[in-house]
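To start, the structure itself, in structure tokens.
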Amino acid sequence: MTDKTRRGARITPEEALAYHMEPRPGKFDITPSTPMTTQRDLSLAYSPGVAVPVQAIADKPETAYDYTTKGNLVAVISNGTAILGMGNLGALASKPVMEGKAVLFKRFADVNAIDLELDTEDAEEFINAVKLMGPTFGGINLEDIKAPECFIIEQRLKELMDIPVFHDDQHGTAVICAAGLLNALELTGKKIEDVRIVLNGAGAAGIACLELLKSMGARHDNCIMCDTKGVIWQGRTEGMNQWKSAHAAVTEARSLDDAMRGADVFLGVSVKGAVTQEMVQSMADNPVIFAMANPDPEITPEEAHSVRADAIVATGRSDYPNQVNNVLGFPYLFRGALDIHARAINDEMKIACARALAGLAREDVPDEVAAAYGRKLQFGRDYIIPTPFDPRLIHVVPPAVARAGMDTGVARRPIIDMDGYTQALKARMDPTAAILRGIHVRARQKQARMIFAEGDDPRVLRAAVSWQRTGMGQALVVGREHDVKEKLEAAGLADAVREITVVNAANSRHLDAYHEFLYARLQRKGVDREDAHKLANRDRHVFAALMLAHGHGDGLVTGATRKNAHVLAQLGQVFDLRPQDGAVGITAVLHKGRIVLIGDTLVHEWPEADDLADIAMRGAAVARGLGLEPRVAFLSFSNFGYPISERAIKMAEAPKVLDARGADFEYEGEMTVDVALNAESAARYPFSRLTGPANVLVVPARHSASISVKLLQEMAGATVIGPILTGVRMPIQICSTSSTVSDILNMAAISAGGLGIGK
């Protein structure tokens, strides 16, 4: 089972196509890493400046790793002859898959990768094309090439090229399988050299699995390989080739059923249903079953456990424990190999990867990882393989791979300071994805009935459908049935009208209660009964808020169609959302691996010192909710009293308010934004109480907060989440009018997770 075909949430064709089309076709851009603005920059980047590294590389070829991207660039190459489980659809059709693999390299290990689709089924043409591109890349990842050509291509390229060549469909599965098996055997008290192993599926992945396990100590005489024609036994001639023959066993068994009797381990890379409960019953005590068929396992964990409670079961599925997922391997194998400028990825490096993964699963799991997955993760029968989003993978696996590469002589440039290398790996990863994933996983655990207040907007409807279909909870859409139906049809989601729940004043059974509640709340504010009824009936924001107030939904997201101020005012008819009520808007800005929270971007127009202290405390609470240790900076155009300005006084007073309150987080000010965010600038003020760059920025007024956020978004391309409405009793979040479908989903997830709730 590979990372590419995990099942779980329902994905429609329309959603998949929209994902690949928006905001621009494809899944990645290429951006320069050096300045490209002035004439001098261009002269250095190209002629005449480029002549200097050209000559340096000509004189010493190994310096290509110093002066070009070669040392952090992998080619993801296919001819499309074995795409996923779809077969031979051709080179062009494989491009979305290869682009996907390229972005996984970047997402998980900060490896730059580019996809190359070769339009040939001739192995020699393929080999020659890849060989000729060798100077460009630090490594080659082969993908989706049918057998037996994949064996021939990989072996020849390994012989011809002096950079790592790795066919992930073979070795990626093998490495993760080996890691899981090491731990399964540890739990059952068995040794790899003693266990009887049966493998079903004699394709590229199956053969690679058995070869790697034999190199780790499994005995040839204890291993039986099966294919569609049964056991591969010595003397069999039907359906054989040289790769199968290498694993032919001396055995009387002729069928998978025969082979399974008394077996300790089953490894499946074959087809759904290949293993029966009777076969599982016939296995040895404490059987280990890796049913990795794609996308449905040879036997489900429920089926296996119903007849053998002592079984340890792994699959390729993300909705079961013990997922065998290639993304645990290939990014980190290449990371370690690239960082030593390796000539190859050898068996020792693959084994080191497997052992590092196995070791990581035995360690205590950080609280934030367990919280993100919604269950206690502890080494045992349901946790023998680390989760793909464990942040420790990046600094645990590559060093192990690098050490193995150095020990076996394939490193051009060995790493001298391994501790420094480990710290550098920790710093490479952008925390943005982990934070967003944590938000969504916590929301999924809640299974909230999410109220989407603006059912007349196609973006909101697409977000509501995605909420329902991706298993986040129930989508309640405020709108008119016929209007919702028409807009869903126009978006290619006509069938979704049966899945979401459309709610409005005309079909609500609770309208009388809503009327009375609203009238009681507003009658002393100049609103008579008739006006209160009209407000509840006609304003979708008010109606949605009344639903939430009466427990007819668990969370509310709105704001995509109207300005924040208007939406906040309408919601304020039902809830207390004024500055004096403790409401604060905190916006998260994510850019190039950095996260800062800016407030107040929603509620306080011109806060005074006490208000600024409130904003700081709300910002610190949001930071902790996102897994950050808060460091708050009160921003101004001055630093600690200079230049003197009346406008800066309140920013200097706010920390004193926090002193009096005994705030339990770091804070300092007033200061300029460069001192808050830049360690070198901050070094000029050694008395500062901040131990590192600030991640919560409190600004003097709402207009300056809004300007800051939008400037970062437009000029720097920062990702913006929020404003996150916090300090309120109910799970309400307000989007911006420029929100995308993903933005709306993020805000819905924040609402469901209760990040803003608090008084």
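A quick note: this is a predicted structure, and the numbers were derived from the prediction, not measured. These numbers come from the heavy atoms of this one structure, side chains and all, not from hydrogens, waters or symmetry mates.
We find that Arg335 and Asp110 are not joined by a salt bridge, their nearest charged nitrogen and carboxylate oxygen being 4.0 Å or further apart. The residues Lys146 and Glu121 are annotated as not salt-bridged, no charged nitrogen and carboxylate oxygen being separated by less than 4.0 angstrom. A salt bridge is absent between Asp194 and Arg219: the closest approach of a Lys/Arg side-chain nitrogen to an acidic carboxylate oxygen does not fall below 4.0 angstrom. Using a 4.0 Å cut-off between charged nitrogen and carboxylate oxygen, Asp227 and Arg236 count as a salt-bridge pair. Electrostatic pairing of Lys60 and Asp66 does not count as a salt bridge here, judged by no charged N lying under 4.0 Å from a carboxylate O.
With rounding to the nearest 0.5 angstrom, the NZ atom of Lys95 is 8.0 Å from the CG atom of Leu116. For the atom pair Glu298 CD and Lys272 NZ, the distance stands at 12.0 Å (nearest 0.5 Å). Interatomic distance, CD of Gln170 versus CZ of Phe166, reported as 9.0 Å (0.5 Å rounding). Here Met216 contributes atom CE and Leu181 contributes atom CG; the two are 8.0 Å apart, rounded to the nearest 0.5 Å. Considering CD1 of Ile232 and CG of Leu210, their distance stands at 9.5 Å, rounded to 0.5 Å. The distance from the CZ atom of Phe389 to the CZ atom of Arg107 is 5.5 Å, given to the nearest 0.5 Å.
Considering every non-hydrogen atom in both Phe108 and Pro388, the closest pair reads CE2-O, 3.5 Å. The shortest heavy-atom contact between His167 and Cys150 is CE1-CB, 3.3 Å. For Met279 against Val275, the heavy-atom pair with the smallest separation is SD-CA, 3.8 Å. Nearest heavy-atom pair across Val111 and Leu338 is CG1-CD1, 3.7 Å.
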| field | Full working for salt bridge (charged side-chain N to carboxylate O under 4.0 Å, His left out) between Asp339 and Arg413 | value | CA-CA 8 Å; Asp339 291 338; Arg413 190 173 299 179; over 6 Å; no
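Side-chain contact between Pro399 and Tyr421 is present, with at least one heavy-atom pair separated by less than 4.5 Å. Side-chain contact between Arg412 and Tyr65 is present, with at least one heavy-atom pair separated by less than 4.5 Å. Within the 4.5 Å cutoff, side-chain heavy atoms of Glu143 are placed close to those of Asp169. Contact annotation: the side chain of His171 approaches that of Glu154 to within less than 4.5 Å [non-hydrogen atoms, C-beta and beyond]. For the pair Ile312 and Ile289, the minimum side-chain heavy-atom distance is 4.5 Å or more. Inter-residue side-chain proximity for Tyr332 and Leu393 is flagged as met; some heavy-atom pair is nearer than 4.5 Å. The side-chain heavy atoms of Leu44 and Thr34, taken from C-beta on, include no pair separated by under 4.5 Å. With a 4.5 Å cut-off on side-chain heavy atoms, Asn222 and Val195 do not count as touching.
If you check the side chains of Asn128 and Glu124, you find no donor sitting under 3.5 Å from an acceptor. Looking at Ser255 and Asp257, their side chains never bring a donor and an acceptor atom within 3.5 Å of each other. Between Asp144 and Ser94, the side chains place no donor N or O within less than 3.5 Å of an acceptor N or O (distance only, hydrogens not considered). Using modelled atom types, one finds no donor on one side chain facing an acceptor on the other under 3.5 Å when comparing His20 with Glu99. In summary, the side chains of Asn322 and Thr315 do not present any donor paired with an acceptor at a separation below 3.5 Å, with no hydrogens or angles considered.
For the side-chain contact (heavy atoms from CB on, under 4.5 Å) with Val198, the lone residue among Leu267, Val265, Val231, Leu256 that qualifies is Leu256.
Glu238 CD: 12 or fewer foreign heavy atoms inside a 6.0 Å radius. The 12-atom threshold is not exceeded at CD of Glu252, counting heavy atoms of other residues, nucleotides or ligands nearer than 6.0 Å. Within a 6.0 Å sphere centred on CG of Asp119, other residues, nucleotides and ligands contribute 12 heavy atoms or fewer.
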